[in-house]
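Atoms within a ligand are numbered from 1 in the order they appear, just like the ligands themselves. What you see is a predicted model; the values in this text were computed from it and never measured.
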Amino acid sequence: MTWTTVTLLVLCGVAVTSAAKPNIIFAMLDDAGWYDFQSHDPLMATPRIDQLRQEGLFLDNSYMLPMCSPTRTALLTGRYPHTMGLQDVNALGARKLFWPNETFSMLPGELKGLGYKTHMLGKWHLGHCHPSVTPLGRGFDTFQGMLLGAHSSYYTHMKGKVYDWWNNTQLDLDAKDTYNTDLINDAMVDIVQQSQTDQPFFVYLAYAAPHGPFEVPQRYVDTYCSHVTEPTRRIHCAMMAAIDEGIGRMIDALKAKDIYNNTAIVVTSDNGGPVGFRNPSGSYNYPMRGGKKTVYEGGTKVYTVVKAPGLTVTNATWSGMINAVDWMPTLLHMAGGRAADWMHGINAWNRIKNFGVSARKEMLYTYNDYVKFNHRAYRMGRWKLIQGKPGFHQGWYVPQNLVDAGVAEKEPLDGNQNFTHFELYNLNTDPEERKDLAAKKPEIVQEIVGKMEALLDLYPLQPFVESESALSDSYTTSVDGVTVLSTCFCHPDNSADTPDCTAA
Ligand SMILES: *[C@@H]1O[C@H](CO)[C@@H](O)[C@H](O)[C@H]1NC(C)=O
Ligand SMILES: *[C@@H]1O[C@H](CO)[C@@H](O)[C@H](O)[C@H]1NC(C)=O
Ligand SMILES: *[C@@H]1O[C@H](CO)[C@@H](O)[C@H](O)[C@H]1NC(C)=O
Ligand SMILES: *[C@@H]1O[C@H](CO)[C@@H](O)[C@H](O)[C@H]1NC(C)=O
Ligand SMILES: *[C@@H]1O[C@H](CO)[C@@H](O)[C@H](O)[C@H]1NC(C)=O
């Protein structure tokens, strides 16, 4: 009998208590930067997310991995991505992530065991080569969205020539021509309206935006962002506003159904905003250094809001450290369950709820042995050590309007490109990572290297498995003359046999 089954049986015996479990909505934006929310940049238009911040807490020490698939892996397994070969940027749709296996399940499976109805909306990007590794195979009751990491257009739902928008296991060809974020927003409202009062629900609300391509219906530009003069920032503002409007519609639907006060809502981002190369994304992590794909704070510290029943303090900033791997244990505790010993994260729910001191004092930012990055970084209290190449785009990227107003000086796009060195920062006094103390404090460098190595001994690296090309012809199939993504081209036990796609 599996752990999940045991939990389910236990719960069935105490079904009366399940009504008190909060609904949980975990909204994760894709590539939203630290400075991309209205409470940080008044030019942006995210009033509803900022309202949640006032009714709940802002977390200003919340860390994800510097790239999307690794963050999604950590979030849904509670485990370090490097222990599953999922630490690098190339965790493409085709990658075979077969952990967790039959014994353990991902976050939705565990929540299902606690009595939740589980829904996923938006971007998956955690494998699709077999039904068992797609959202329904991983424990979601329903799925509407995309299996790949990004599309060529937010309207066609195609990557190149391949169509990728799904309703559960079926392609949803009717979605064509409707803006991706609008589809997700509409589906979110439907889930709330159709929810049953006697069963709590969980929604993994994985927006694909504001990741590129930088497209948005003109209505959002005109309504919310016409005052933004920097052209890429204006589009970015509107893509964020489309999400914020959806969050607002979701809140209104929860209130109409009278379940708003019993619903926990988390809004966060999968990594920092992408910056550099004249900033085509329009995103900023100001005043922090770097962005997506760097281990600097700009790439890893994410804007995070938690509004939940039971918070003892609201409209405040909780400064405890929380890492991507902590969310699964945290959400399970929020749902009345417990973290299991195979999870690597720490439950933070009691500390957040009671506005207490975080149990986490140290943290692995990431360990990536991939040739493009080859870096690792570790936090010990106020100290942060970076080993290897910090990543792409190492400068400070100052918003154009601040440069124009003379408030801030625009700095060079890229800094140090020395790939074989240590950098040490005191984040208490130097949160912008401007003063490298590695040469001055070799004993602290050595102490942190020791801590990092001890952690990596405990949670060893699983070698990087070269992924197959994500979109070669064998990974597509044809439905009614449309080229679509295949979800059956690998074998679940990694054998070379013909895939058995009935097993899921
Ligand atoms: C939150 O605090 C701010 C600043 O003190 C105040 O202006 C605002 O009204 C508060 N919001 C709520 C919902 O209490
Ligand atoms: C699942 O993975 C865990 C952890 O690696 C392992 O202990 C367990 O034996 C595996 N179960 C199966 C059925 O493969
Ligand atoms: C998805 O499919 C289900 C049946 O499997 C159907 O009831 C529902 O209306 C579909 N949703 C959309 C958005 O097409
Ligand atoms: C929800 O909570 C707020 C703040 O505690 C309170 O003002 C409001 O009356 C509650 N609404 C319901 C329907 O219980
Ligand atoms: C790289 O950094 C290390 C340690 O800071 C230093 O010893 C080395 O000279 C640097 N190499 C280059 C090419 O700058």
Side-chain angles (χ1 to χ4, degrees), residues 37-42 44 46-60 108 112 117-124 128 131 134-147 151 154-158 163-196 199 201 203-208 244 246-255 260-261 263-267 303-319 352 355 479-480 482 484-485 487 504:
F37 295 81
Q38 192 174 327
S39 69
H40 286 176
D41 180 3
M44 297 298 277
T46 57
R48 302 306 295 268
I49 295 172
D50 289 345
Q51 179 73 21
L52 286 175
R53 173 181 177 153
Q54 292 191 13
E55 294 173 16
L57 293 172
F58 180 64
L59 273 46
D60 74 349
K112 224 154 103 162
K117 175 110 174 161
T118 56
H119 306 276
M120 163 155 190
L121 298 175
K123 165 174 162 176
W124 176 240
H128 62 81
T134 62
L136 263 56
R138 294 302 196 182
F140 284 105
D141 293 317
T142 74
F143 166 56
Q144 289 180 62
M146 55 200 267
L147 294 171
H151 290 157
Y154 271 100
Y155 298 95
T156 63
H157 318 304
M158 292 171 88
Y163 190 82
D164 173 37
W165 195 267
W166 303 80
N167 177 15
N168 298 329
T169 55
Q170 303 297 310
L171 280 157
D172 180 2
L173 294 169
D174 293 341
K176 196 163 165 23
D177 299 330
T178 305
Y179 185 58
N180 180 310
T181 302
D182 288 342
L183 287 168
I184 295 172
N185 289 343
D186 289 349
M188 182 65 239
V189 170
D190 282 348
I191 287 172
V192 172
Q193 288 175 344
Q194 285 164 29
S195 65
Q196 305 295 313
Q199 186 183 23
F201 63 82
V203 186
Y204 175 36
L205 179 55
Y207 283 105
D244 190 77
I247 299 271
R249 287 175 56 205
M250 170 187 94
I251 292 170
D252 295 343
L254 289 164
K255 286 181 174 165
Y260 181 60
N261 281 5
T263 300
I265 302 170
V266 179
V267 181
Y303 191 103
T304 302
V305 165
V306 176
K307 189 240 177 231
L311 291 179
T312 51
V313 174
T314 59
N315 202 6
T317 296
W318 187 71
S319 292
I352 294 173
F355 207 68
V479 174
D480 299 336
V482 184
V484 301
L485 201 63
T487 55

Exercise for review: State whether R249 and D182 are salt-bridged, where the test is any N-O pair (Lys NZ or Arg NE/NH1/NH2 against Asp/Glu carboxylate O) under 4.0 Å.
Suggested key: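 Result for this pair is no, no salt bridge flagged.
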Quick one: look up the protein heavy atom nearest [atom] and list residue, atom name and how far away it is.
atom	answer
atom 3 (C) of ligand 1	N315 ND2, 3.5 Å
atom 13 (C) of ligand 1	Q54 OE1, 3.6 Å
atom 9 (O) of ligand 3	N167 ND2, 4.8 Å
atom 5 (O) of ligand 3	N168 ND2, 4.1 Å

Check your understanding: Nearest protein heavy atom to atom 11 (N) of ligand 3: under 4.0 Å?
Key ->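 Yes, at least one protein heavy atom sits under 4.0 Å from atom 11 (N) of ligand 3.
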Review point. Is the closest protein non-hydrogen atom to atom 7 (O) of ligand 1 under 4.0 Å?
Key: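 No.
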Practice item. Please state whether the rings of Y155 and Y179 are parallel, tilted or perpendicular, taking 30° and 60° as the class boundaries. Key: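 It falls in the tilted class, 30° to 60°.
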Point to revise | Aromatic ring pairing W165/H157, orientation class (parallel under 30°, perpendicular over 60°, tilted between) | key: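 Tilted: the ring planes of W165 and H157 meet at 30° to 60°.
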**Study point:** Cation-aromatic face contact K255/Y260, 6.0 Å, 45 degrees
**Key:**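 Ring-cation test returns yes.
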Check your understanding: Does a donor on one side chain and an acceptor on the other come within less than 3.5 Å for D164 and W166?
Key ->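 The answer is yes; a qualifying pair exists.
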Exercise for review: Could you list which atoms of ligand 3 come closer than 4.0 Å to a heavy atom of Q144?
Suggested key: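 Atoms satisfying the 4.0 Å criterion: 13 (C).
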**Study point:** Geometric N/O contact Q51 with ligand 1, under 3.5 angstrom
**Key:**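 For ligand 1, there is no N or O atom that lies under 3.5 Å from one belonging to Q51.
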Exercise for review: Kindly give the heavy-atom pair with the smallest separation between A208 and I184, and that separation in Å.
Suggested key: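 Heavy-atom minimum between the residues: N-CD1, 4.3 Å.
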